[in-house]
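Encoded as structure tokens, the structure appears first; notes follow it.
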Number of protein chains: 2
Amino acid sequence: MVKDDGATIYAVAQRAGVSIATVSRALRGTGPVSATTREKVLKAVAELRFTPSRLGVSLAEGRHAANGMVLPDLSGPYFAEVLLGYEEVASELGRSVIVLSTRGREMVNDLVRDLAGRVDGMVVFGRTVEDAVVREIIGTGMPVVVLASDAIDGADLVASENVESARALAVHLLGHGHTRFALAGRDDGGDVSQRWQGVRQALAAHGVEAAEPYPCEYTVEGGQEAGHAILRPGSRSAARPQAVICADDQIALGVILAAEDLGLAVPHDVAVTGWDDIMAARHARPALTTVRQPMRALGARAARALDELITGTRTTPAAQVLPTTLVVRASCGPHPQTPPTAPSSQEEMCRDTPPA
Amino acid sequence: MVKDDGATIYAVAQRAGVSIATVSRALRGTGPVSATTREKVLKAVAELRFTPSRLGVSLAEGRHAANGMVLPDLSGPYFAEVLLGYEEVASELGRSVIVLSTRGREMVNDLVRDLAGRVDGMVVFGRTVEDAVVREIIGTGMPVVVLASDAIDGADLVASENVESARALAVHLLGHGHTRFALAGRDDGGDVSQRWQGVRQALAAHGVEAAEPYPCEYTVEGGQEAGHAILRPGSRSAARPQAVICADDQIALGVILAAEDLGLAVPHDVAVTGWDDIMAARHARPALTTVRQPMRALGARAARALDELITGTRTTPAAQVLPTTLVVRASCGPHPQTPPTAPSSQEEMCRDTPPA
DNA sequence: GGCAGTTGTGTAAGCGCTTCCACCCAGCCG
DNA sequence: CGGCTGGGTGGAAGCGCTTACACAACTGCC
């Protein structure tokens with residue numbers, strides 16, 4: 001159904017008694033067109049319910065007026081929020097957004113290549129596509145923004161701060177007196193890698209060592225499984241960890257479920273923290289201590305950066321790292337200011353981490 | 001950046017010493033091509049890193065190989081999940097997905113018309129675009145699937161069951177002995193309208209009447225505000241409602257926050273229910289009684305339906321209504337089987353509503 | 001050995017639009 | 001009053017591809 005009413009610019013031209021060139025000019029306001037001619041054209045357009053075919057326009061203009069977004073998954077709040085911010089800005093800039101979710105998909109590389117053929121530039125979440133393919137696409141001259149990962153040569157990077165905030169989180173937990181830590185969440189070589197790095201640095205500085213991260217999926221179920229593995233008596237290390245630092249909130253929620261399964265009270269028997277500050281984190285029981293990422297801003301920034309690259313406003317790749325916020329709630333233990341047993345006060349204790 | 005390496009089919013043809021027609025045939029496997037020629041072509045393709053331009057292909061084929069999806073918002077879990085199911089199936093069917101979120105956007109009609117020019121068919125969430133515009137687009141011959149709303153002539157409908165499950169929810173609450181009900185969530189004339197209708201029918205059958213739904217936004221904040229308005233002493237009706245039925249889970253979470261603000265215990269002082277069964281519902285404190293919608297299936301069905309219309313497998317519009325599930329948790333009060341004070345048992349009491 | 005039926009290939013006509021260029025014709029200046 | 005400007009317009013060349021059609025070179029058959 002490319003036909004857009006079936007009416008083409010030729011039909012309009014004929015009906016208005018002018019040439020297609022004039023119709024085009026009248027419609028886009030390029031070049032001079034007399035008032036009377038414009039009238040006639042607009043009349044014909046209205047009568048024929050003509051809408052220019054995007055395909056024709058794009059082919060002639062040599063651009064798609066569309067951006068791509070490659071993300072690993074759309075389930076869970078994180079990616080949706082980023083996409084939201086992205087779409088909003090892209091739309092504002094007059095570009096459509098084509099999404100590609102790679103989760104559980106075969107032939108991802110081909111799908112991404114196909115996507116590349118439909119857009120003027122694309123945003124790629126870290127770890128969704130092989131670096132080689134990303135480089136290949138960059139090599140064709142297509143603007144690319146890498147999101148939430150490590151930089152790739154020739155592409156922009158938009159990410160949120162990880163190391164410092166991870167450190168701050170770990171320090172906060174150390175402040176609770178915990179000394180036995182467990183980590184939950186597969187090291188993805190990207191964002192999460194940096195978080196683990198920050199946590200470890202902070203712990204090491206206090207002479208504490210954490211076991212290898214339990215490599216679970218980034219879902220509540222994955223977290224629950226990890227929670228069982230980590231907290232079950234006699235598992236892994238001899239002594240049960242006092243705090244479980246999770247790579248994201250969903251995992252943390254799963255770990256809390258696992259703790260309940262095992263009859264452990266959070267945070268009394270074990271502290272649990274997440275990452276992202278998704279909606280459920282605030283409403284969870286107990287409310288989740290986590291690190292808030294500016295998810296929407298992440299998407300918005302990526303859209304802006306991509307636009308700069310596409311329009312040529314900027315030609316050299318840049319990297320931006322957005323600050324995060326430590327959000328302290330009940331799941332990491334009692335705090336002087338906020339009795340964790342009392343029903344939530346609306347306020348949350350936030351502490352800004354220093355920007356990267 | 002339409003250029004796809006800059007290499008066109010002409011360059012390939014020249015390099016391989018054949019015509020562009022032969023290149024096209026060799027690449028898409030239409031028409032006969034000798035083995036040796038195919039070799040030459042593939043070699044040239046590889047050397048030039050040629051990728052056919054989607055624009056050229058689409059223009060010649062007369063189709064976009066892309067589907068649109070118009071949704072009101074991407075924040076919150078509901079729409080993201082639907083989009084997920086949609087994208088998955090669309091991709092499987094070889095179509096890209098272009099998303100358009102209308103939230104807080106001006107000129108929505110124009111954006112939707114533009115979208116229509118980029119796709120072979122589109123899915124439109126109910127209440128995102130004026131019906132007139134949808135009809136206009138249908139009028140151009142474009143396949144349209146309306147999601148989660150009332151049917152529109154000439155378009156497919158995919159929705160989940162509302163009236164019966166709303167009735168079941170109300171009956172369940174009546175079973176708790178509640179007689180004073182409040183409703184929270186703006187009547188949107190679509191899905192939610194049906195829910196309120198079902199609730200009212202069930203209540204009326206028991207001689208109970210509910211006040212007008214409090215017309216709040218579909219967010220946690222909106223729910224919180226509604227909760228205050230509804231539960232504040234001396235507000236609205238003389239006696240405080242014993243149960244607040246919310247149009248979606250986010251509102252319900254907000255109402256629970258409001259109850260806590262007011263020093264009311266849920267479910268002891270007031271029962272609260274949601275709709276959708278988003279992730280936070282399960283983890284909320286107290287866990288939310290709600291109605292589960294098959295969100296992902298909704299998207300997947302829509303994609304399939306749209307495909308049928310586009311390919312012409314089916315030419316007459318159809319409607320499908322997907323069943324929902326009443327999920328009883330702690331927020332509506334104590335139940336014999338599941339002591340609500342005990343930490344969640346993994347199991348949830350679900351009761352299937354009769355399919356519509 | 002001539003004729004119909006393959007096969008493999010090229011030619012060229014679109015697909016719907018934008019835009020360079022040429023052209024015509026007022027109006028204006030010298 | 002003729003040459004110039006420049007506004008208004010049409011012609012036509014792409015943009016990159018698919019595909020109907022024509023055609024040549026074979027095959028196999030009577």
Side-chain angles (χ1 to χ4, degrees), chain A residues 1-42 44-45 48-66 114 116-120 140, chain B residues 1-42 44-45 48-66 114 116-120 140:
Chain A
M1 224 18 62
V2 162
K3 62 187 180 87
D4 287 321
D5 299 49
T8 72
I9 198 171
Y10 290 97
V12 174
Q14 187 171 14
R15 181 161 197 130
V18 298
S19 74
I20 58 165
T22 301
V23 174
S24 177
R25 278 189 293 255
L27 256 34
R28 11 180 60 216
T30 65
V33 176
S34 75
T36 45
T37 306
R38 173 172 293 109
E39 278 311 285
K40 284 191 295 184
V41 169
L42 293 181
V45 164
L48 265 43
R49 302 169 160 280
F50 168 74
T51 312
S53 150
R54 264 292 353 149
L55 248 24
V57 174
S58 289
L59 190 56
E61 281 186 337
R63 63 179 214 127
H64 298 269
D114 177 80
R118 302 175 161 272
V119 297
D120 301 316
T140 70
Chain B
M1 216 33 48
V2 162
K3 61 188 182 83
D4 287 322
D5 299 51
T8 72
I9 198 172
Y10 291 96
V12 174
Q14 186 172 14
R15 181 159 197 131
V18 299
S19 75
I20 58 165
T22 301
V23 174
S24 177
R25 280 190 290 255
L27 256 34
R28 13 180 56 215
T30 65
V33 176
S34 75
T36 45
T37 306
R38 173 172 291 108
E39 277 312 286
K40 283 191 295 184
V41 169
L42 293 181
V45 164
L48 265 41
R49 301 168 158 282
F50 168 74
T51 312
S53 151
R54 265 286 0 146
L55 248 24
V57 174
S58 289
L59 191 56
E61 281 185 336
R63 61 177 217 127
H64 298 270
D114 178 80
R118 302 175 161 273
V119 298
D120 302 315
T140 70

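The chains referred to below are lettered A, B, ... by the order of the sequence lines, with proteins before strands, and numbering in each begins at 1. Hydrogens, waters and symmetry mates play no part in the numbers below; they use all other heavy atoms, side chains included. What you are looking at is a predicted structure, and each value in this text was computed from that prediction instead of being measured.
A side chain to side chain contact (heavy atoms under 4.5 Å, CB included) with B:P52 is found for one member of B:V57, B:V12, B:I9, B:T8 and no other, namely B:V57.
At least one donor-acceptor pair under 3.5 Å links the side chain of B:H64 to the backbone N or O of B:G117.
With sequence neighbours excluded, the residues satisfying side-chain contact (heavy atoms from CB on, under 4.5 Å) with A:L27 are A:V23, A:V41, A:L42, A:V45, A:F50. Here A:S24 pairs with nothing under the side chain to side chain donor-acceptor pair (under 3.5 Å) rule; sequence neighbours left out. Checked against side-chain contact (heavy atoms from CB on, under 4.5 Å), B:A60 has no partners two or more places apart in sequence or in another chain. Take B:S19 and apply the side chain to side chain donor-acceptor pair (under 3.5 Å) test, not counting sequence neighbours, and it matches B:T22.
Here the closest heavy-atom approach between residue A:D120 and residue A:A65 is recorded as OD2-N, 2.6 Å. The minimum heavy-atom distance between A:R54 and A:R63, with the atom names listed, is NH2-O, 4.5 Å. When all heavy atoms of A:A7 and A:L48 are compared, the closest pair comes out as CB-O, 3.7 Å.
Computed from coordinates, the A:Y10 OH to D:dG11 C1' distance equals 11 Å when rounded to whole Å. Atom pair B:R54:CZ and D:dC17:P shows a separation of 11 Å (rounding to whole Å applied). Put simply, CZ on B:R63 is 17 Å from C1' on D:dG16, counting in whole angstrom units. The distance from atom NE2 of A:H64 to atom C1' of D:dG16 is 11 Å, rounded to the nearest whole Å. If you measure from atom CG of B:L59 to atom P of D:dC15, you get 14 Å, rounded to the nearest angstrom. The nearest whole Å value for the distance from the CG atom in B:L48 to the P atom in D:dG16 is 13 Å. Summarising the geometry, the separation between CD on B:E61 and C1' on C:dG14 is reported as 14 Å, rounded to the nearest angstrom. The CG atom of B:L55 sits 14 Å away from the C1' atom of D:dT18 (whole-angstrom rounding).
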Subject >> Summary of protein contacts for nucleotides 5-11 of chain C, nucleotide by nucleotide, where a base hit scores B, a sugar-phosphate-only hit scores S (4.0 Å, heavy atoms) >> reply: ---BBBB

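Annotation: the terminal axes of the helix from C:dG1-D:dC30 to C:dG30-D:dC1 meet at 60°, where each axis is the rotation carrying the C1' atoms of four end pairs onto the next four (5 pairs per end, rounded to 10°).
Side-chain N/O atoms of A:S24 include none lying less than 4.0 angstrom from OP1 or OP2 on C:dC17. Dashed line: the shortest gap from a side-chain N or O of B:R28 to OP1 or OP2 of D:dT19 is under 4.0 Å.
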Under 3.5 Å, N/O pairs linking protein and nucleotides 23-28 of chain C:
none

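The structure places OG of B:S34 at 7.0 Å from NZ of B:K40, a figure rounded to the nearest 0.5 Å.
For the salt bridge (charged side-chain N to carboxylate O under 4.0 Å, His left out) condition, the pairs that include at least one residue of residues 9-38 of chain B, sequence neighbours left out, are B:R15-B:E47, B:R28-B:E61.
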